[in-house]
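Everything below concerns the one structure shown next.
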Amino acid sequence: MSSLVVHFEIHASEPQRLIDFYSQLLDWRFERFGEVPYWTIATGEGSRSLTEPGSGINGGLTQREGPAPAPGSPVNGANLVIAVDDADATYARGLELGGTGALPPTDMPQVGRLAYLADPDGNVFGLISTTLSDGTSVMGDEAEPDLERPMHGESVALDPMQSTPEP
């Protein structure tokens with residue numbers, strides 16, 4: 001069996017507050033799962049499910065059992081990075097909806113335009129789009145591959161201290 005990530009979970013002190021935030025920001029759909037304080041998250045068309053293959057994953061939102069992360073504290077655990085059409089617009093909308101900036105939109109050559117927000121409960125998550133601030137796409141022209149950029153399946157050695165922002 002491969003080791004693909006197939007599900008994620010977000011912890012919430014006030015679940016409805018984060019349901020509203022992510023629904024409005026990313027158009028995610030939430031559905032209560034039984035009587036326990038747990039909601040499934042449908043992230044959109046093309047996501048993987050138990051019955052369908054996909055290119056993305058779905059998740060869940062659960063009642064937080066301890067204190068929320070303190071504002072400005074470093075990430076303590078895993079982090080989600082979500083593909084969006086426009087990292088700048090989604091970042092700005094996240095701020096309007098009550099999120100706080102952890103890393104403003106930044107170009108990462110050969111990777112994309114990356115930004116990090118903290119949701120209203122302090123959970124840090126990333127946004128990434130394939131279009132850089134100058135309008136160029138990191139996807140390039142499929143007909144003429146960029147020999148300086150790795151092809152699909154090739155690994156890229158990145159310095160994690162430069163590519164992973166601190167909130």
Worksheet item: Does a donor on one side chain sit under 3.5 Å from an acceptor on the other, for Gln63 and Tyr38?
Response: no
State the [atom1]-[atom2] distance between [X] and [Y], to the nearest 0.5 angstrom.
| X | Y | atom1 | atom2 | answer |
| --- | --- | --- | --- | --- |
| Ile19 | Leu61 | CD1 | CG | 5.5 Å |
| Ile128 | Tyr116 | CD1 | OH | 7.5 Å |
| Ile82 | Ser129 | CD1 | OG | 13.0 Å |
| Trp39 | Leu18 | CH2 | CG | 10.0 Å |
| Leu103 | Tyr91 | CG | OH | 7.0 Å |
| Ile41 | Ser47 | CD1 | OG | 11.0 Å |

Response to the item:
Between Asp20 and the options Gln16, Arg17, Gln24, the side chain to side chain donor-acceptor pair (under 3.5 Å) test singles out Gln16
Worksheet item: Between the side chain of Asn123 and the main-chain N/O of His11, is any donor-acceptor distance below 3.5 Å?
Response: yes
Worksheet entry | Donor-acceptor contact below 3.5 Å, side chain Thr136 vs main chain Leu132 | no
Fill in: Centroid-centroid under 6.0 Å between Tyr22 and Phe125 rings
yes
Hey, could you give me each pair passing salt bridge (Lys or Arg N to Asp or Glu O under 4.0 Å) that has a residue in [range]? Not counting sequence neighbours.
| range | value |
| --- | --- |
| residues 79-96 | Asp88-Arg113, Arg93-Glu96 |
| residues 119-133 | Arg64-Asp121 |
| residues 127-138 | none |

Discussion item. Walk me through whether Leu25 and Thr90 qualify under side-chain contact (heavy atoms from CB on, under 4.5 Å).
Written reply: CA-CA 7 Å; Leu25 181 64; Thr90 306; 3.8 Å; yes
Worksheet item: Can you tell me if CZ on Arg32 sees more than 12 non-hydrogen neighbours from other groups inside 6.0 Å?
Response: yes
Worksheet item: Looking only at heavy atoms, what is the nearest atom pair of Gly122 and Pro69, with distance?
Response: O-CG, 3.6 Å
